[in-house]
Undergrad: 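Got a structure here, written out as structure tokens. Questions coming.
Note that the structure is predicted; figures quoted are calculated from it, not measured. Each chain gets a letter, A, B and so on, in the order the sequences are listed, and its residues count up from 1.
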Amino acid sequence: LNRLLFLILVWAFGALALVAQVIFLRQLLVAFYGNEMIIALVLAGWLGGVFVGAKLTGWFRPERGWLKIWLAAGPLVWLAVLAGLLILSYLIPGLTGLAPGEVAPLHLVLLWVLALTGPISLFVGGLFVLTGAYWAEHWQPWGFGRQGVGGIIFWVESAGSCLGLLFYTFFMAGRWGPVQVLILFGGLVLAAQALALPRRPVVKIFLSLLILLAGTLYHAYNFGPRLDLAADRVRFSRTQPAYKLLAVQDTPYQHLTLARRGGETALFGNQVFMGSWPNPYHYQVLTMLFLTQAPKIDRVLLAGQGPGGFIHELLAHGVKDLVYVALDPAETRLVADYLSPEMSRDLRDPRLHIIHDDLRRYLSRSGKGTFDLIVINAPDPDSAQINRLYTLDFFEEVKNHLSWEGVMVTSISGAENYWSPELLSYGHTLDSTLRTVFREVVFTAGDQHYFFAARAPGLVTDDPGVLAERYRDRGFNSSYFTAKSFLVFFPPSNLKYLKARLAQAQTGRLNTDAHPLSYLLRLAWWEKMTGGPWTRFLLGWVVRIKAWGPWAAGLICLPFLLILVRPSPKRAAVWTMTLTGGMTMALQVLLILLFQNRYGVIYQQIGLLSALFMAGLALGGLMGRTMVGVGFSPVNFLPGLEFLLSAAAGLTALTVWGFMPDLILPLVAAAGLASGLEFALLFALYLEDQTRPSVPQALSGLEAADHGGAMIGALITGLVLAPVLGLGLTAVSLCCLKALGGLVLLRPVHV
Amino acid sequence: MNRRDFLRWAGLAGTGLALWGPKVWAAEDAAPSVPLPGPSVPEDDQRFVRPAMFYDRLEGKRVRCRLCPRGCLVDPGRRGYCGVRENRGGDYHTLVYSRIVALNNDPIEKKPFNHFRPGTMVLSAAAAGCNVACKFCQNWQISQFRPEEVQARFIPPDELVGLAVKNKIPNLAFTYSEPTVCYEYIYETTRLGRQAGLKCVIVSNGFISTEAVTKLAPHLAAYKVDLKAFSEDYYREICSGRLGPVLKTLETLVGLGLWVEIVNLVLPTLNDSEKDIKALAQWVKTNLGPMVPVHFTRFYPMYKMRNLPPTPVTTLEACHETAKAEGLKYVYIGNVPGHPYGNTYCHQCGRLLIKRTGLWSVEAELEAGRCPGCRTEIPGVWS
């Protein structure tokens, strides 16, 4: 076996593993409701699978004969499993027992996450260990001896992941469906295997030609798009069986579906219902409500879900200049093809300016104080990403873009007759945040609460009489809305109840960029709504954790660290790697949140950020292997690395607090670099243990530790630490944790 | 204590300390709300507990509930399906007597009643609990939880009646959650309400035993029943209920001479087939008569059914036309403000009698319950 070809195989495998992770994350988000909790579960499920796979493979202590069989058959079996699970992912809607359109309870989601990601990620963990073992047996000298094995496998696989992610992000996302993407990367692994494994050149050439021929036929007959479309059709027919599928498109941001029933066209993003048209009973009524609150409506900003409803109604009711901001250009294009002729004409109206950009990014780049009305038509903050549209910082930005007599509208879902404690916390946080920024805030009763906020006094009101007078005075006319309709939105009895509830609620924290909170409160309510008896109040407990709780827990757990890290190289390596895995995952989440707040959610940029981390990992692995190879002692360098990671976390805290706003990219790269470097050095340290562990054992121990820690980091950072501590304090906690790790490693390790 | 024990205890203590919090910083609210009078009361307040009606004592201190067709067999210390009735040592008790969780002053059209005192207001009250579990429930926060999980106020029957009288609200409704499960409270309140001159109405799923509804009926003025679909499968899979008993309740109510209106919430895909709508209309006409108003209301994504689109208006119009074609005289579509099918037209001459643009905008032209054009008597309660 040629070592270069072997490394290409490992590289291709790394690329496929990362792309498979992204594809299955997207598939699960389409199958279930894609909120922060589901994202955390899927990520943690994947990382947990790698952890178990690596651990199990280490326990089996693979022998030489087995290694060959594994390397020959493993990727093939893995590809078969991958294909089977991809098919299964399209069939989920019919297998869950849920009604069409029903939201899945958490335990069901967890079950499917494990079923879909478990088998794949187990293989990923196992194959990492096996490739390392094989390398150790055959090419140790080339890899700077036994101690360099960890580094070389790590960097090659990370480089594959990095390039795979970049390729997917920039060339495939939004153009190719999941089937095509996995066929391409699967083909890459097969080609690498065909080149690497057979001994005789004739066989190599024959297999390569075979794969080339298959690829040509596949491309010539356009099999990929056909397969993707067929798979989408099957999935949709199981999700919404009575709707006629009109169009389907994968965009970088979402999986869009358009369907029709009873003369109305419905739009779904990741199978989540987003809107339907024509529906003047909904859009015209709301437009009347919005326009009556604002004294002037010359220049209006509408954010999200405009075509098919709000754009038409706003233009029809006197708006002179309408700016429509939407993130996903593909969504606007797709919807435009299925509008009525009248609504299609609206999109060409000279008064309408369509901007495809992240709303916050657009606001930060556009002129201030110009809009008479800003309508934020965003979904509930189910994730940290959407939470950005409900923070104090965002509302400040919106306020700056309103004219003096301008009004802002935003909304959350709620309840008509009873606000549970969970809903009260959620509503109260938004109300308090808005009141901190705006001079006056009013809101509607009903199942959807519309909040109106103004910087000047006397503009917004919840008095139905005053609104009715305004409505008549301004000559509005609607078949579906009368002057009395304001009583539907501002019924005195319900409003009195809601205001009393809000007034009596304890003063809670505000929802800010640096301390995002609303999405946790929303998820706690969502969980109560959809959860079964055992999962109904998980996040309800998280909501109750005080900010000092994690610190206290950390202090109490300190003896763990002192006892577990110190005594032997093996233990020191495993626990340091666990902490690093968790810490770098947490740091990645924090830095991505920071990046989104500062620069917006542009898919390619976020992909680039993750790729940068992986590039850091690869480079770190390479550097570590070289350092070990030329004789540097890991024990001397590890404390320094720990302090470097600690410093990265500390700088992240400073970035959160606005002292060094442009450090995000260097910090991502530094975190990746230190993490990769540490893996290689810890691998060498592990091998120094007096139990004389083998290479597979060391690889297994560290890969499992890395992913076990990352799993915990993925689970708790977004769902617990960020909302409980805030981004800054979370970064400080990570800084302290790693500084402590460095101090512990400064003490002599018994070899 | 060895090192392993120490680590175990340290871990447990750390986790406990992290989770500990005697007061919730944001989720705590023990304050009174308006218009609910009085402070919220402790979960275990014995004032809410009263002996239940309609049950049989069985061997081994078990009881069999006869309040609704579910007929729960309840062991000592356990509760029925509704979660608000408990077997305490062989005696069955309601836990929601005077335990009010929501109270509002609504227009009667919101219930919806279109032929019952249009344009009047109704004091609407609810306790926690329900005996079915619809996946689209608008009031899931109070209907799908046990009473101790929902914040409540103590409002005894005489106080609730007094509130309506004092605020000059002519009607009293039990609505939002399922009134059947707080039967004992409703029975006493409607009895007092009737004596005080109030018109008491029930907004229910109709999943109640004939025995119980018959006993309650004399105190009531009207009953709105959610006939959720005309399919046992739908009832079983979407609502965890049964169709048969609901139909039986409707027959009983009409037989007792009570004013009844029927609501069918139309969910696209799930219960909107022409076959089902036709069967529903035929059954209503045959068994209840053509004058019973039927409302086909529009579904909006709600509770667990969040990703099912709203009912297309054309589907509702088709339901309306199907029911009219089957001979029903008063068919409405709801949750579609300003739609002409939301108005009342004389079944004889077709004249527009009541124009509705939303719940609060009602313009009636009736003259003593008769059409001003052809003098035909319009069925309903108009006084």
Undergrad: Taking B/Q151 for the side chain and A/P421 for the main chain, is one N or O donor matched with an acceptor at less than 3.5 Å?
TA: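 Not a single qualifying donor-acceptor pair exists.
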Undergrad: Can you sort out the partners of A/F236 under ring-ring contact (aromatic ring centres under 6.0 Å, His included), two or more places apart, ordered by chain and number?
TA: A/F268
Undergrad: Against chain B, label A/E102 side chain, backbone, both or neither, depending on which of its atoms sit under 4.5 Å from a heavy atom there.
TA: both
Undergrad: Taking atom CD of B/E232 as the centre, does the number of heavy atoms from other residues, nucleotides or ligands within less than 6.0 Å exceed 12?
TA: yes
Undergrad: Atom CG of B/N167 and atom OG of A/S493: how far apart are they, to the nearest 0.5 Å?
TA: 9.5 Å
Undergrad: Looking only at side-chain N and O atoms, does A/D447 offer a donor or acceptor that is under 3.5 Å from a partner on B/Q138?
TA: yes
Undergrad: Is the shortest distance from a Lys or Arg side-chain nitrogen in B/R298 or A/E264 to a carboxylate oxygen in the other one below 4.0 Å?
TA: yes
Undergrad: Out of curiosity, B/I333 CD1 to A/Y281 OH, how far, rounded to the nearest 0.5 Å?
TA: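 The distance works out to 6.5 Å.
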Undergrad: Let's test your reading of the structure: which of A/S420, A/A266, A/A104 forms the most heavy-atom pairs below 4.5 Å with chain B?
TA: A/S420
Undergrad: Under 3.5 Å, is there a donor-acceptor pair between the side chain of B/N307 and the main chain of A/F273?
TA: yes
Undergrad: Given that the side chain runs from C-beta out, which part of B/Y300 has a heavy atom under 4.5 Å from chain A: side chain, backbone, both or neither?
TA: side chain
Undergrad: For the candidates B/G338, B/P337, B/P309, which exhibits the highest count of non-hydrogen atom pairs separated by less than 4.5 Å from chain A?
TA: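 Most heavy-atom pairs under 4.5 Å with chain A: B/P309.
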Undergrad: Give, for atom OG1 of B/T269 and atom OH of A/Y243, the distance between the pair rounded to the nearest 0.5 Å.
TA: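 Output value for this atom pair is 5.5 Å.
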Undergrad: I'd like to know if A/E416 and B/K110 make a salt bridge, using a cut-off of under 4.0 Å between side-chain N and carboxylate O.
TA: yes
Undergrad: What's the separation between atom OG1 in A/T530 and atom NZ in B/K135, rounded to the nearest 0.5 Å?
TA: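 Here the interatomic distance stands at 12.5 Å.
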Undergrad: Is there a ring pair (Phe, Tyr, Trp, His ring centres under 6.0 Å) between B/W140 and A/W525? Walk through the geometry before answering.
TA: CA-CA 12 Å; B/W140 62 271; A/W525 189 48; 5.7 Å; yes
Undergrad: A/V272 versus chain B, heavy atoms under 4.5 Å apart: side chain, backbone, both or neither?
TA: both
Undergrad: Taking side chain as everything from C-beta outward and backbone as N, CA, C, O, which of these in A/S276 sits under 4.5 Å from a heavy atom of chain B? Side chain, backbone, both or neither.
TA: side chain
Undergrad: Would you give the length of the straight line joining atom OG1 of A/T482 to atom CD of B/E363, rounded to the nearest 0.5 angstrom?
TA: 8.0 Å
Undergrad: What part of A/S413 gets within 4.5 angstrom of chain B, counting heavy atoms only: side chain, backbone, both, or neither?
TA: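 Just its side chain gets close to chain B.
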Undergrad: Tell me, for A/Y426 versus chain B, whether the close heavy atoms (under 4.5 Å) come from the side chain, the backbone, both or neither.
TA: neither
Undergrad: Between B/L267 and chain A, with a heavy-atom cut-off of 4.5 Å, which part of the residue counts as in contact: side chain, backbone, both or neither?
TA: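 For B/L267, no heavy atom lies under 4.5 Å from chain A.
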